[in-house]
Amino acid sequence: MTDRTKLIQAALDCLKNSYAPYSQFNVAAAVLCASGKVYTGVNVENASYPAGICAERNAIFHAAACGEREITAIAIVGGKGGIVSDYCTPCGVCRQVMREFADPGKLTVIVAKSPDDYKEFTLAQLLPESFGPEFLK
Ligand code: THU
(Lines give C-alpha, C1' and ligand atoms only; values in the text may rest on other atoms or scores of the structure.)
Protein backbone atom coordinates (compact mmCIF):
# COMPACT_ATOMS: atom_id res chain seq x y z
CA MET A 1 0.00 0.00 0.00
CA THR A 2 1.43 3.38 -0.95
CA ASP A 3 1.63 6.33 1.42
CA ARG A 4 -0.99 8.02 -0.71
CA THR A 5 -3.45 5.13 -0.48
CA LYS A 6 -2.90 4.88 3.28
CA LEU A 7 -3.48 8.59 3.77
CA ILE A 8 -6.66 8.66 1.69
CA GLN A 9 -7.96 5.58 3.52
CA ALA A 10 -7.15 7.15 6.92
CA ALA A 11 -9.16 10.22 5.95
CA LEU A 12 -12.07 8.13 4.66
CA ASP A 13 -12.05 6.04 7.86
CA CYS A 14 -12.51 9.04 10.11
CA LEU A 15 -15.10 10.86 7.98
CA LYS A 16 -17.81 9.26 10.16
CA ASN A 17 -16.52 11.35 13.10
CA SER A 18 -17.11 14.69 11.36
CA TYR A 19 -19.45 16.87 13.42
CA ALA A 20 -21.33 19.07 10.97
CA PRO A 21 -24.93 19.42 12.21
CA TYR A 22 -25.32 22.91 10.65
CA SER A 23 -23.90 22.52 7.15
CA GLN A 24 -24.21 18.72 6.86
CA PHE A 25 -20.98 19.02 4.90
CA ASN A 26 -18.67 16.37 6.36
CA VAL A 27 -14.92 16.62 5.86
CA ALA A 28 -11.95 14.56 7.06
CA ALA A 29 -8.22 14.97 6.59
CA ALA A 30 -5.15 12.84 7.27
CA VAL A 31 -1.72 14.42 7.45
CA LEU A 32 1.59 12.62 6.97
CA CYS A 33 4.47 14.11 8.97
CA ALA A 34 8.22 14.01 8.39
CA SER A 35 8.36 11.56 11.32
CA GLY A 36 6.32 9.09 9.24
CA LYS A 37 3.33 9.35 11.56
CA VAL A 38 -0.20 10.06 10.36
CA TYR A 39 -2.70 12.26 12.21
CA THR A 40 -6.35 12.69 11.37
CA GLY A 41 -8.92 15.42 11.86
CA VAL A 42 -12.52 16.22 11.00
CA ASN A 43 -14.51 19.40 10.77
CA VAL A 44 -16.16 20.24 14.09
CA GLU A 45 -18.92 22.84 13.86
CA ASN A 46 -20.39 24.91 16.68
CA ALA A 47 -23.73 26.56 17.48
CA SER A 48 -21.74 29.80 17.42
CA TYR A 49 -20.80 29.25 13.76
CA PRO A 50 -17.35 30.93 13.60
CA ALA A 51 -16.14 28.79 16.51
CA GLY A 52 -16.11 25.70 14.27
CA ILE A 53 -12.97 24.37 12.64
CA CYS A 54 -12.12 22.70 9.35
CA ALA A 55 -10.89 19.11 9.13
CA GLU A 56 -7.49 20.10 7.69
CA ARG A 57 -6.66 22.48 10.52
CA ASN A 58 -7.90 20.00 13.07
CA ALA A 59 -5.57 17.33 11.64
CA ILE A 60 -2.57 19.72 11.46
CA PHE A 61 -3.16 21.04 14.98
CA HIS A 62 -3.53 17.46 16.19
CA ALA A 63 -0.08 16.73 14.70
CA ALA A 64 1.40 19.92 16.19
CA ALA A 65 -0.03 19.06 19.61
CA CYS A 66 1.78 15.72 19.38
CA GLY A 67 5.08 17.52 18.73
CA GLU A 68 5.21 17.40 14.92
CA ARG A 69 6.61 20.44 13.10
CA GLU A 70 6.88 19.29 9.48
CA ILE A 71 4.14 17.92 7.27
CA THR A 72 4.84 16.26 3.92
CA ALA A 73 1.40 15.29 2.61
CA ILE A 74 -2.26 15.78 3.44
CA ALA A 75 -5.29 13.92 2.10
CA ILE A 76 -8.74 15.51 2.20
CA VAL A 77 -12.14 13.92 1.61
CA GLY A 78 -15.61 15.31 2.11
CA GLY A 79 -19.08 15.97 0.86
CA LYS A 80 -22.64 16.83 1.77
CA GLY A 81 -24.14 14.19 4.07
CA GLY A 82 -20.79 12.43 4.16
CA ILE A 83 -21.15 11.35 0.53
CA VAL A 84 -17.86 11.92 -1.24
CA SER A 85 -19.00 12.67 -4.77
CA ASP A 86 -16.52 15.43 -5.59
CA TYR A 87 -13.00 16.58 -4.74
CA CYS A 88 -13.01 18.74 -1.59
CA THR A 89 -10.33 21.40 -2.00
CA PRO A 90 -9.01 23.14 1.13
CA CYS A 91 -10.18 26.63 2.13
CA GLY A 92 -7.78 29.57 2.13
CA VAL A 93 -7.27 29.61 5.89
CA CYS A 94 -6.32 25.91 5.87
CA ARG A 95 -3.87 26.51 3.01
CA GLN A 96 -2.18 29.18 5.12
CA VAL A 97 -2.01 26.84 8.13
CA MET A 98 -0.38 24.16 5.91
CA ARG A 99 2.19 26.80 4.94
CA GLU A 100 3.31 27.12 8.56
CA PHE A 101 4.55 23.54 8.74
CA ALA A 102 5.68 22.77 5.18
CA ASP A 103 7.87 23.72 2.29
CA PRO A 104 5.20 24.86 -0.21
CA GLY A 105 7.02 23.29 -3.16
CA LYS A 106 7.22 19.94 -1.40
CA LEU A 107 3.92 19.53 0.43
CA THR A 108 1.58 17.22 -1.49
CA VAL A 109 -2.10 18.08 -1.13
CA ILE A 110 -4.33 15.18 -2.17
CA VAL A 111 -8.05 15.68 -2.71
CA ALA A 112 -9.79 12.35 -3.14
CA LYS A 113 -13.08 10.68 -3.90
CA SER A 114 -11.59 7.23 -3.19
CA PRO A 115 -8.11 5.67 -2.88
CA ASP A 116 -8.07 5.32 -6.69
CA ASP A 117 -9.74 8.56 -7.64
CA TYR A 118 -7.81 11.62 -6.53
CA LYS A 119 -6.04 14.80 -7.63
CA GLU A 120 -2.67 15.97 -6.35
CA PHE A 121 -1.28 19.47 -6.02
CA THR A 122 1.68 21.04 -4.31
CA LEU A 123 0.88 23.69 -1.74
CA ALA A 124 2.79 26.15 -3.96
CA GLN A 125 0.17 25.56 -6.67
CA LEU A 126 -2.72 26.15 -4.27
CA LEU A 127 -1.14 29.09 -2.41
CA PRO A 128 1.27 30.93 -4.72
CA GLU A 129 3.47 33.82 -3.54
CA SER A 130 2.67 32.96 0.05
CA PHE A 131 3.68 34.47 3.38
CA GLY A 132 5.40 32.16 5.84
CA PRO A 133 7.43 31.91 9.04
CA GLU A 134 10.77 32.84 7.41
CA PHE A 135 9.46 36.36 6.72
CA LEU A 136 9.46 37.02 10.46
CA LYS A 137 13.07 35.96 11.07
N1 THU B 1 -14.77 22.56 5.60
C2 THU B 1 -13.66 21.81 5.91
O3 THU B 1 -13.60 21.16 6.95
N4 THU B 1 -12.62 21.86 5.05
C5 THU B 1 -12.62 22.51 3.86
O6 THU B 1 -11.62 22.50 3.16
C7 THU B 1 -13.81 23.21 3.40
C8 THU B 1 -14.88 23.38 4.42
C9 THU B 1 -15.91 22.49 6.52
C10 THU B 1 -16.14 23.74 7.32
C11 THU B 1 -17.61 23.60 7.65
O12 THU B 1 -17.76 22.78 8.79
C13 THU B 1 -18.19 22.86 6.46
O14 THU B 1 -17.09 22.25 5.80
C15 THU B 1 -18.93 23.76 5.47
O16 THU B 1 -18.15 24.85 5.11
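Only heavy atoms go into these numbers, but all of them, side chains included; no hydrogens, no water, no symmetry mates. Counting starts at 1 for both ligands and their atoms, in listed order.
- The residue from N26, N58, N43, T89 that puts a heavy atom closest to atom 7 (C) of ligand 1 is T89.
- L7 pairs in a side-chain contact (heavy atoms from CB on, under 4.5 Å) with only one of the listed residues (L32, I74, T108, T40), which is L32.
- Close approach of ligand 1 to E45 (heavy-atom distance below 4.0 Å) involves ligand atoms 11 (C), 12 (O), 13 (C).
- L15 and V111 sit in two unconnected hydrophobic clusters of ILVMFWY residues. Membership requires side-chain heavy atoms under 4.5 Å apart, directly or through other members.
- For the pair N43 (side chain) and S18 (backbone), a donor-acceptor distance under 3.5 Å is absent.
- Enclosure of atom CD in E129 is not indicated, since only 12 or fewer non-hydrogen atoms of other residues, nucleotides or ligands lie within 6.0 angstrom.
- The option from Y19, F25, Y22 that lies nearest to atom 14 (O) of ligand 1, judged by heavy atoms, is F25.
- No side-chain donor-acceptor contact under 3.5 Å links N58 to the backbone of G41.
- Hydrophobic cluster membership differs between I76 and I110, with clusters built from Ile, Leu, Val, Met, Phe, Trp and Tyr side chains linked at under 4.5 angstrom.
- For ligand 1, the polar-atom distance check against C88 finds no nitrogen or oxygen pair separated by under 3.5 Å.
- Ranking the protein heavy atoms by distance from atom 5 (C) of ligand 1 puts E56 OE2, 3.3 Å first.
- A donor-acceptor contact shorter than 3.5 Å is absent between the side chain of E70 and the backbone of A34.
- For atom 1 (N) of ligand 1, the nearest non-hydrogen atom from the set C54, C91, A20, S23 comes from C54.
- Below 4.0 Å from some heavy atom of P90 lie the following atoms of ligand 1, by number and element: 6 (O).
- Here the heavy atom of the protein found nearest to atom 3 (O) of ligand 1 is A55 N, 2.9 Å.
- When non-hydrogen atoms are compared, ligand 1 lies under 4.0 Å from neither the backbone nor the side chain of I53.
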